[in-house]
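When a residue number appears, it is its place in the shown sequence, counting from 1.
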Amino acid sequence: MSNGQWYPPEWPDRIRALAAGEITAVAPRRAATVMLLKDTSEGVHVHMLRRRASMAFAGGAYVYPGGGVDDRDARPVRWAGPSLSEWAQRLGVEDEASAQAVVCAAVRETYEEAGVLLAGETGDSVVEDTTGDDWEADRAALVDRKLSFAEFLDRRGLVLRSDLLGAWARWITPEFEPRRFDTWFFVASLPRGQRTRNASTEADRTVWIRPADAAAGYDKGELLMMPPTIATLRVLGRFGTATDALAAAAEQDLAPILAQARMEDGELVLSWPGHEEFTKHVPTGGAGPAGPAERTGGTR
């Protein structure tokens with residue numbers, strides 16, 4: 001049975017066009033996404049969203065909460081956890097402002113899309129309830145970019161808990177995609193007292209699911225996913241608790257993973273270094289990728 005790889009039908013033509021110099025790769029925009037975990041009697045579960053089928057990019061695919069970095073994410077905030085210099089080194093970015101922007105984007109997008117906030121009144125506390133009309137008004141203002149994340153935290157007297165995040169992986173959208181992202185994947189545990197909800201206008205469904213079950217759904221072709229999503233799920237499935245996964249974050253390789261396209265034996269071969277399961281052979285005659293159900297893709 002075919003698996004659930006997301007593969008846009010226009011990719012073969014775009015790969016050929018890039019190889020022929022007919023299109024130029026655009027610079028990727030920085031982004032962050034969070035694999036939110038919780039422990040249950042059946043083991044660790046991860047929170048996932050299904051993107052609306054009408055979305056131009058990755059419609060129908062299961063992803064984690066996340067999105068692009070806002071330039072204002074680099075504005076100073078009250079901070080707890082590893083220093084910005086430590087985060088810059090871990091994330092492989094050039095300066096502390098860039099590191100803060102990526103971490104802030106991870107926390108902000110998790111709040112915007114799942115209603116979960118990794119912040120507290122002190123450096124060792126976390127808010128326990130983010131429901132209510134006043135919280136929703138602030139969340140909506142963040143989504144609409146009427147309010148920066150720094151202003152939101154300052155207004156509520158909150159400290160960003162960067163210590164609740166573990167950097168896990170980094171994937172970059174292929175060069176032939178017109179919309180590209182340089183995405184850092186983080187892992188975090190659902191704070192006590194908080195609960196997720198589908199707060200994203202881009203998703204039509206949310207689930208808490210065991211990583212192994214999500215991967216099995218992908219393997220059966222029942223759940224559509226992009227390569228970074230299924231790749232991270234397979235690794236998460238090795239851990240029995242959220243604590244174990246968070247502890248393992250420090251050992252994860254953050255070397256950027258970027259798809260490569262090359263000519264081989266008269267075919268275009270699309271591959272992701274270190275992830276052979278996603279390799280696709282694209283006939284040069286203009287047909288789609290080889291195989292019965294070939295879908296591959298992007299950043300979450």
Side-chain angles (χ1 to χ4, degrees), residues 28-39 43-49 58 61-69 73 81-84 86-93 98-111 113-114 116 118 160-173 181-191 196 208-215 218 225-259 272-275 277-278 297-300:
R29 177 187 175 191
R30 286 178 170 172
T33 187
V34 176
M35 301 176 290
L36 197 59
L37 308 177
K38 73 174 180 180
D39 293 321
V44 67
H45 282 55
V46 62
H47 181 67
M48 304 189 75
L49 300 77
Y62 280 80
V63 299
Y64 311 116
V69 171
D73 286 331
S83 67
L84 288 174
E86 291 176 289
W87 272 112
Q89 182 176 8
R90 175 65 177 138
L91 299 177
V93 295
S98 296
Q100 180 188 302
V102 172
V103 174
C104 278
V107 177
R108 174 180 53 75
E109 287 285 344
T110 303
Y111 180 55
E113 296 200 334
V116 171
L118 303 176
L160 186 147
R161 292 289 307 276
S162 78
D163 54 318
L164 299 181
L165 287 168
W168 194 268
R170 182 181 178 184
W171 290 69
I172 302 176
T173 308
F181 294 93
D182 182 354
T183 304
W184 282 265
F185 286 68
F186 295 86
V187 65
S189 181
L190 178 69
T196 57
W208 280 101
I209 186 170
R210 291 197 315 147
D213 291 339
Y218 166 89
M225 296 180 200
M226 295 177 280
T229 311
I230 181 60
T232 50
L233 280 171
R234 295 205 193 283
V235 180
L236 283 177
R238 303 171 188 169
F239 302 99
T241 69
T243 299
D244 291 341
L246 284 166
E251 306 302 320
Q252 302 304 308
D253 186 1
L254 260 64
I257 300 170
L258 172 65
W272 277 256
H275 298 270
E277 72 167 295
F278 306 129
T299 56
R300 283 201 282 173

Between the side chains of Tyr64 and Thr232, is a donor N or O closer than 3.5 angstrom to an acceptor N or O? yes
Quick check: do Leu49 and Pro65 have side-chain heavy atoms less than 4.5 Å from each other? yes
Of Met48, Glu113, His47, the one forming a side chain to side chain contact (heavy atoms under 4.5 Å, CB included) with Leu36 is His47
Minimal non-hydrogen separation, Ser189 against Ala242, with atom names: OG-CB, 4.0 Å
Looking only at heavy atoms, which two atoms of Ala99 and Leu91 are closest? And how far apart? O-CD1, 4.0 Å
Does some side-chain heavy atom of Trp184 sit less than 4.5 Å from a side-chain heavy atom of Leu254? yes
Should Cys104 and Leu160 count as side-chain neighbours, where that means a heavy-atom distance under 4.5 Å? yes
So CG of Leu233 and CG of Asp213: to nearest 0.5 Å the spacing works out to 10.5 Å
Mind checking salt bridge (charged side-chain N to carboxylate O under 4.0 Å, His left out) for Arg234 and listing every partner two or more places apart, or none if nothing turns up? Asp219, Glu277
Mind checking the CH2-CD spacing from Trp168 to Gln252? Nearest 0.5 Å is all I need. 4.0 Å
Nearest 0.5 Å please: distance from the CZ atom of Arg30 over to the CG atom of Asp73. 12.0 Å
Minimum side-chain heavy-atom gap Glu109-Thr33 below 4.5 Å: no
What are the two closest non-hydrogen atoms of Leu246 and Val187, and how far apart are they? CD2-O, 3.5 Å
Rounded to the nearest 0.5 Å, what's the gap from OG1 on Thr110 to CE on Met35? Could you check? 11.0 Å
Side chains of Leu37 and Leu236: closer than 4.5 Å at any heavy-atom pair? yes
Thr173 versus Pro28: any side-chain heavy-atom pair under 4.5 Å? no
What I'd like to find out is whether the side chain of Asp163 reaches to under 4.5 Å of the side chain of Pro82, using heavy atoms alone. yes
Which of Val69, Ile172, Val102, Val93 passes side chain to side chain contact (heavy atoms under 4.5 Å, CB included) with Asp182? It is Ile172
Give a yes or no on whether the backbone of Ala167 and the side-chain of Arg90 come within a donor-acceptor separation of less than 3.5 Å. yes
Is the ring pair Trp171/Phe278 parallel, tilted or perpendicular, if the boundaries are 30 and 60 degrees? perpendicular
Short side-chain to backbone donor-acceptor contact, Asp39 and Thr241, under 3.5 Å: no
